[in-house]
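I have placed the structure first, in the form of structure tokens, so that the comments after it can refer back to it.
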Amino acid sequence: MNEIIKQQYLENPCGTASIPYWKTVCISIPDNMKILHDREFDAELLKRYVDEPYFRLLHHMWEIKPVSLPEGFSLCEASVPDFADHINSCYEDIGITMSEIQNYLVREQYCAGLWLAVRDDDKGKIVATGIAELDREIGEGVLEWIQVSKDYRRRGLGSYLVLELLWRMRKAAGFVTVSGKCENTDNPEGLYRKCGFCGNDVWHILRERE
């Protein structure tokens with residue numbers, strides 16, 4: 001991306017690109033796929049493509065406050081396999097491989113302090129994890145994985161992860177973005193909006209029908 005496009009991104013991150021700025025310079029879209037903003041989407045495309053819509057939200061980082069974990073939980077040390085195991089345990093349809101998560105460690109956007117693991121103090125097991133990345137070039141923070149084990153949802157752990165990551169990025173990030181599936185029954189969009197994210201941008205990932 002040239003400087004003009006970078007400026008366009010900074011003016012409207014979620015409406016300019018479907019992914020974080022730094023990823024746009026290295027992504028290659030397959031021939032059988034289209035990525036369109038909702039303003040460009042036409043229902044006629046569904047005759048040829050399968051559509052998977054994603055929301056993309058923005059946090060302006062205007063009012064960031066420290067947050068505390070709910071009683072009975074604490075932050076703990078966790079290995080790369082621990083993160084991978086927990087992320088995969090929270091999904092039935094998607095997941096992450098060890099090699100994929102290890103790639104996070106060699107990116108310029110990696111920051112060890114933005115990998116959080118929460119344990120149940122009584123049971124001694126990890127029940128929530130969160131990973132964020134930081135693009136220092138343009139000051140963009142990105143929430144990548146926010147997961148809470150099924151039996152521990154609606155206890156404030158998801159909000160804690162999001163708000164704690166925002167707090168840790170407050171001095172380096174001018175804004176933070178996040179995305180997720182619009183049709184996710186767990187409603188992650190609701191969680192992010194509760195934590196101060198805003199916007200109405202939707203991106204359609206279109207894959208050719210077989």
Side-chain angles (χ1 to χ4, degrees), residues 1-3 5-6 9-10 13-14 16-29 35 54-61 64-67 69 73-91 94-119 125-149 157-181 188 191-192 195-197 203 205:
M1 293 179 100
N2 56 39
E3 290 301 317
I5 297 179
K6 181 190 293 187
Y9 183 87
L10 288 170
C14 297
T16 299
S18 63
I19 53 178
Y21 171 77
W22 73 266
K23 291 185 179 181
T24 64
V25 301
C26 57
I27 190 173
S28 179
I29 300 175
I35 301 177
Y54 283 76
F55 64 81
R56 193 153 191 250
L57 302 176
L58 176 73
H59 199 294
H60 293 285
M61 301 293 278
I64 306 298
K65 299 178 181 179
V67 63
L69 267 168
F73 300 94
S74 59
L75 288 175
C76 65
E77 294 293 325
S79 65
V80 169
D82 289 335
F83 276 94
D85 287 345
H86 183 258
I87 290 171
N88 290 330
S89 73
C90 294
Y91 288 101
I94 63 173
I96 191 168
T97 66
M98 280 296 300
S99 60
E100 287 172 334
I101 201 166
Q102 285 175 335
N103 284 339
Y104 281 62
L105 306 180
V106 297
R107 295 175 180 171
E108 293 181 7
Q109 296 76 24
Y110 168 73
C111 179
L114 301 180
W115 287 51
L116 305 181
V118 175
R119 71 180 174 192
K125 67 176 184 178
I126 293 174
V127 296
T129 51
I131 296 175
E133 295 187 301
L134 180 61
D135 181 354
R136 296 170 179 81
E137 178 185 352
I138 65 169
E140 178 180 10
V142 182
L143 298 186
E144 289 285 357
W145 295 95
I146 304 295
Q147 266 64 56
V148 178
S149 297
L157 297 179
S159 295
Y160 169 81
L161 289 171
V162 173
L163 295 173
E164 177 65 18
L165 287 170
L166 292 175
W167 175 256
R168 293 185 180 208
M169 290 188 282
R170 70 193 185 283
K171 294 182 179 179
F175 64 99
V176 176
T177 58
V178 68
S179 63
K181 291 183 179 181
L191 166 64
Y192 299 129
C195 294
F197 283 81
W203 290 85
I205 311 301

Which atom of [X] lies closest to which atom of [Y], heavy atoms considered:
X	Y	value
Phe175	Tyr9	CZ-CE2, 4.1 Å
His86	Ser149	NE2-OG, 2.9 Å
Val148	Gly158	CG2-N, 3.7 Å
Leu134	Ala173	CD1-CB, 3.9 Å
Cys14	Trp203	O-NE1, 2.8 Å
Leu161	Ala128	CD1-CB, 3.9 Å

I'd like to check [X] versus [Y] (side-chain heavy atoms, cut-off strictly below 4.5 Å). Are they in contact?
X	Y	answer
Leu114	Glu133	no
Ile101	Ile131	yes
Trp22	Glu137	no
Val142	Val178	no
Tyr160	Phe73	no

message = Given Thr129, which partner from the list Ile87, Asp82, Asp85, Leu116 fulfils the side-chain contact (heavy atoms from CB on, under 4.5 Å) test?
response =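 Of the listed options, the one satisfying the test is Ile87.
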task = Please identify each residue that fulfils side-chain contact (heavy atoms from CB on, under 4.5 Å) with Leu163, with sequence neighbours left out.
result =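 Only Val67, Leu166, Cys195 meet the side-chain contact (heavy atoms from CB on, under 4.5 Å) criterion with Leu163.
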Just by distance, do the side chain of [X] and the backbone of [Y] share a donor-acceptor pair under 3.5 Å?
X	Y	answer
Trp145	Ala84	no
Asn88	Ile96	yes
Glu140	Pro20	no

key: Those residues that, when tested against Thr97, pass side chain to side chain donor-acceptor pair (under 3.5 Å) (two or more places apart)   =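 Residues passing side chain to side chain donor-acceptor pair (under 3.5 Å) with Thr97: Ser99, Glu100.
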ask   = What pairs of residues pass the salt bridge (Lys or Arg N to Asp or Glu O under 4.0 Å) test when at least one of them lies in residues 16-25, not counting sequence neighbours?
value =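 Qualifying pairs: Lys23-Glu144.
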request  = Scan residues 160-181 for pairs that pass salt bridge (Lys or Arg N to Asp or Glu O under 4.0 Å), counting only residues two or more places apart or in two chains.
outcome  =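 Those involving residues 160-181 are Glu52-Lys181, Asp93-Lys181, Glu164-Arg168.
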key: Candidate pair Ile126 and Val118, rule side-chain contact (heavy atoms from CB on, under 4.5 Å), full reasoning   = CA-CA 6 Å; Ile126 293 174; Val118 175; over 6 Å; no
ask   = Who pairs with His59 by ring pair (Phe, Tyr, Trp, His ring centres under 6.0 Å), at least two apart in sequence or on another chain?
value =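 His59: ring pair (Phe, Tyr, Trp, His ring centres under 6.0 Å) contacts with Phe197.
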Contacts of type ring pair (Phe, Tyr, Trp, His ring centres under 6.0 Å), residue Trp115, not counting sequence neighbours =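 By the ring pair (Phe, Tyr, Trp, His ring centres under 6.0 Å) rule, Trp115 matches Phe83, Tyr110.
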request  = Could you give me the CA-CA distance, side-chain angles and deciding distance for Ile146 and Leu165, then say whether side-chain contact (heavy atoms from CB on, under 4.5 Å) is met?
outcome  = CA-CA 10 Å; Ile146 304 295; Leu165 287 170; 3.7 Å; yes
request  = Give the intermediate values and the outcome of side-chain contact (heavy atoms from CB on, under 4.5 Å) for residues Ser159 and Leu191.
outcome  = CA-CA 7 Å; Ser159 295; Leu191 166 64; 3.4 Å; yes
